[in-house]
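Heads up, the thing below is written out as structure tokens.
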Protein chains: 2
Amino acid sequence: MAIDGRSARGSATKELILDTAMDLFKSSGFRATSVRDIAARSGITHPGLLYHFPTKEALLMAVLQRRDDVEGEPVDFHGLDGRALLGHLVAGAAKNATERGIVELFANLSVEAAAPDHPAHEYFVGRYTSLRATLVEGLEELASAHALRPDVLPAIAAAHLIALMDGLQIQWLLDPATDMVGALSFYVNSLLTEPLEGI
Amino acid sequence: MAIDGRSARGSATKELILDTAMDLFKSSGFRATSVRDIAARSGITHPGLLYHFPTKEALLMAVLQRRDDVEGEPVDFHGLDGRALLGHLVAGAAKNATERGIVELFANLSVEAAAPDHPAHEYFVGRYTSLRATLVEGLEELASAHALRPDVLPAIAAAHLIALMDGLQIQWLLDPATDMVGALSFYVNSLLTEPLEGI
DNA sequence: GTCTATAACGTGATAGAC
DNA sequence: GTCTATCACGTTATAGAC
């Protein structure tokens, strides 16, 4: 809403801190990264950092929010037709398979944030609710276009798709030989009367 | 191998510590539980505990091992025919839905243990490998009995089943209204020519 | 507004008395 | 086998200089 893109989000120092934090969260995970580490790599001391972000968890939330704002990735699938939506899902899995750090981060956070008192709890609940709703919508659209096999229930298939993405990530983290993309696209195609092109 | 069942596993104090640790790991998770907490609830001091289990991680491994020994649950599905195997999978999900603490514990550990240097890494890799192999075996048996729909690939379906169990648990932890058992049994029945009785 | 210095606490782990 | 005492470290948070 501001005229220059910077003041809308905060100072340059804030941006630097956010970049550094995201890097370290990716490569080392949230819990294993200390506020001191992030501060040192940002060229300031750790209380200096805590002036900008009062707690480590506030910093985490800012990183997550900015990732959504910048990449628009996690749930911003609206406006796509059903087949494109499923294609993006598979493409997202393929992209994840090139970034182990961020997969670890989100896998860890998803389960950490299961605790109702976790600072990112509401964020993840909203993220999952929104993604699920988008998927149900896309699948229902496909159903009315007779592009879905007749025994597919959109509500259940949506839960399956999300569960497969999460669960396959765990298997892939434990054993990098796991073919996340192959397993996911096999399921996607099992929903459709006509297979998705190019996968 | 010892004559009385006790000395095979350790002293009564060890058993008490293991019980207490499992309780606390279930209710608060591994990382949020301190060695001091476990020791206090066991009626000893924390160096007293560390005499029996030299590190917190050694204690964790002992808890995991004992759970396997006592319940024989996680991967000891051998000797079951394919349909019974799938039934036990669904029954396990139903049982999990009554014990939030242990679902949180294993969900947390699965992703924590994705790090190759985690003390439980090999344990979880072995656990997943073994479960997957058992499932592939059971599904192949069903395939040769023509009990499987013709387009089902055992290797992929096995990965799907494990991923669905893990992924649905995450959704259920974030939103307890999630129907883990329904979603899992729907997938199981979608594999079979004849639906599983009683689900 | 921004940061340095420091506090106050909890953690896992160890040394050595009993 | 269990204890007291202590260590070194990481954590969040605050007081106050610039």
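Any value given below was found using the heavy atoms of this structure, including those in side chains, with hydrogens, waters and symmetry copies removed. Chain letters run A, B, ... following the sequence lines, proteins first and then strands; every chain starts at 1.
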Whole Å only: how far is the [atom1] atom of [X] from the [atom2] atom of [N]?
| X | N | atom1 | atom2 | result |
| --- | --- | --- | --- | --- |
| B:Leu16 | D:dG1 | CG | P | 15 Å |
| A:Lys14 | C:dG1 | NZ | C1' | 11 Å |
| B:Ile38 | C:dT11 | CD1 | P | 11 Å |
| B:Leu59 | C:dT11 | CG | P | 15 Å |
| A:Leu50 | D:dG10 | CG | P | 16 Å |
| B:Leu60 | C:dG12 | CG | P | 12 Å |

Going by chain and number, the hydrophobic cluster around A:Phe186 (ILVMFWY, side chain to side chain under 4.5 Å) further includes B:Leu153, B:Ile156
**Study point:** Apart from B:Val136 itself, residues in the same hydrophobic cluster as defined by side-chain heavy atoms under 4.5 Å
**Key:**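 Joined to B:Val136, directly or through intermediates: none.
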Quiz item: Would a distance-only check, ignoring hydrogens and angles, find a side-chain to backbone donor-acceptor pair under 3.5 Å from B:Asn189 to B:Leu196?
Solution: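 Yes: the side chain of B:Asn189 pairs with the backbone of B:Leu196.
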- Which residues pass the salt bridge (charged side-chain N to carboxylate O under 4.0 Å, His left out) test with B:Arg149, sequence neighbours left out?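 Expected list: A:Asp151.
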Report task. Identify, with sequence neighbours excluded, every residue that meets side-chain contact (heavy atoms from CB on, under 4.5 Å) alongside B:Ser110. Result ->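 B:Ser110 satisfies side-chain contact (heavy atoms from CB on, under 4.5 Å) with A:Ile170, B:Phe124, B:Tyr128 once adjacent residues are dropped.
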Next on the checklist: Base, sugar-phosphate or nothing for B:Thr33? Non-hydrogen atoms, less than 4.0 Å.
Outcome noted: sugar-phosphate
My understanding is that only residues two or more places apart in sequence, or in another chain, count here; which of them pass side-chain hydrogen bond (donor to acceptor under 3.5 Å, both in side chains) with [X]?
| X | answer |
| --- | --- |
| A:Asp19 | A:Arg66 |
| A:Glu141 | none |
| B:Arg36 | none |

Using five pairs at either end of the helix from C:dG1-D:dC18 to C:dC18-D:dG1, determine the angle between the two local helix axes and round it to 10 degrees.
->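 The angle separating the two end axes equals 10°.
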Every protein N/O within reach of nucleotides 2-6 of chain C N/O, cut-off under 3.5 Å:
{"from": "C:dT2", "atom 1": "OP2", "to": "A:Tyr51", "atom 2": "OH", "distance (Å)": "3.1"}
{"from": "C:dC3", "atom 1": "OP2", "to": "A:His52", "atom 2": "NE2", "distance (Å)": "3.0"}
{"from": "C:dT4", "atom 1": "OP2", "to": "A:Thr45", "atom 2": "N", "distance (Å)": "3.1"}
{"from": "C:dT4", "atom 1": "OP2", "to": "A:Thr45", "atom 2": "OG1", "distance (Å)": "2.5"}

